[in-house]
Enquirer: 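Quick one: structure below, then a few questions.
Both counts, for ligands and for their atoms, begin at 1 and track the order of listing.
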Amino acid sequence: MKITKLLSESAAGCAFVPTMGALHAGHQSLIAKARELSDEVVVSVFVNPLQFEDKSDLAKYPKTPEQDALLAQAAGATTLWTPDYETIYPTETKKLSAGELGSKFEGVHRLGHFDGVLTVVNRLFEMVKPRYAIFGEKDFQQLFLISKMAAELHPEIQIIAAPTVREPNGLAMSSRNVRLNAEARNAAEVISKVLFNAAKAESISQARLELAKVKNEIQFELDYAEIIDEDNFELATEETTKPRAVIAGWIDGVRLIDNMALQPALVRI
Ligand code: PAF
């Protein structure tokens, strides 16, 4: 595997996995998926300041460059690209807006976050020119907004969604999990527990009740827990064909998000 700050033209047409580093098994599953699609797999590591509205969160973001190289290579990456800020953001960079959906759910709690995500992903796409780009379903609103942006600005790139990878206790893998101590990690089990229960519910209203049980967990400070229509992020009704539970909140100063599609039994044809 090549590790480089400057990408060569030959990356064009590759399968691409954009990351902010602190790689874990979830990222490795995206890289493995990319490798199924192409012999040339570029993984970028760039911690994008534009998507951190809270600068202390940016400062605390874990950095594990040696481990990133080992994990990326083991999963099948052929190039690990670690660009500098100036490479990604030359003066006059076009800033993108995530529009109305950018200020719902995650956007309510992270002002401007999705504008920063779309701006960097657009720049990365312009530079890498991939054939495929792989994103995890764990950040479902991000996946939705990137898919929409790519359809408009980069129709030649196929966006591939990869399923969430979970720790043995059900907790969705995230670079932030390393900041949870053992007690917080145990408490965090409640997030996937309510999601799995909501996913098994017989109706949207029952799913909402299951999800609301998260409020009983005193260690979890809830930002939102809702059932949405995954085609447009509007609140789901009993008629919604693709309902998905989305949840976010804080445990011991660490912000965690997760989501899950509701079971087919709920889906009206
Ligand atoms: O999901 C992430 O790690 C980041 O938001 C992304 C897509 C790499 C953009 O910085």
Enquirer: Could you tell me whether Asp57 and Arg176 make a salt bridge, using a distance below 4.0 angstrom between a side-chain N and a carboxylate O?
Expert: yes
Enquirer: I need the nearest protein heavy-atom contact for atom 7 (C) of ligand 1: residue, atom name and distance, please.
Expert: Gln142 NE2, 3.6 Å
Enquirer: Would you say that Val42 contacts Met127 through its side chain, given a criterion of any heavy-atom pair below 4.5 Å between the two side chains?
Expert: no
Enquirer: Answer yes or no: is there an ion pair linking Arg255 with Asp223, defined by an N-O contact shorter than 4.0 Å?
Expert: yes
Enquirer: Pull out every atom of ligand 1 sitting under 4.0 Å from any heavy atom of Val120, numbered as shown with elements.
Expert: 9 (C), 10 (O)
Enquirer: Where is the nearest protein heavy atom to atom 3 (O) of ligand 1: which residue, which atom, and how far?
Expert: Met20 CG, 3.7 Å
Enquirer: Looking only at protein heavy atoms, identify the closest one to atom 10 (O) of ligand 1 and say how far it is in Å.
Expert: Gln51 OE1, 2.7 Å
Enquirer: Residue-level breakdown please: for Thr19 versus ligand 1, do any non-hydrogen atoms fall below 4.0 Å on the side chain, on the backbone, on both, or on neither?
Expert: backbone
Enquirer: Does this structure show an ion pair linking Lys213 with Glu210, if we count only N-O contacts that are shorter than 4.0 Å?
Expert: yes
Enquirer: Relative to Tyr89, does Arg123 satisfy both conditions: NZ or CZ under 6.0 angstrom from the six-membered ring centre, and within 45 degrees of the ring's axis?
Expert: no
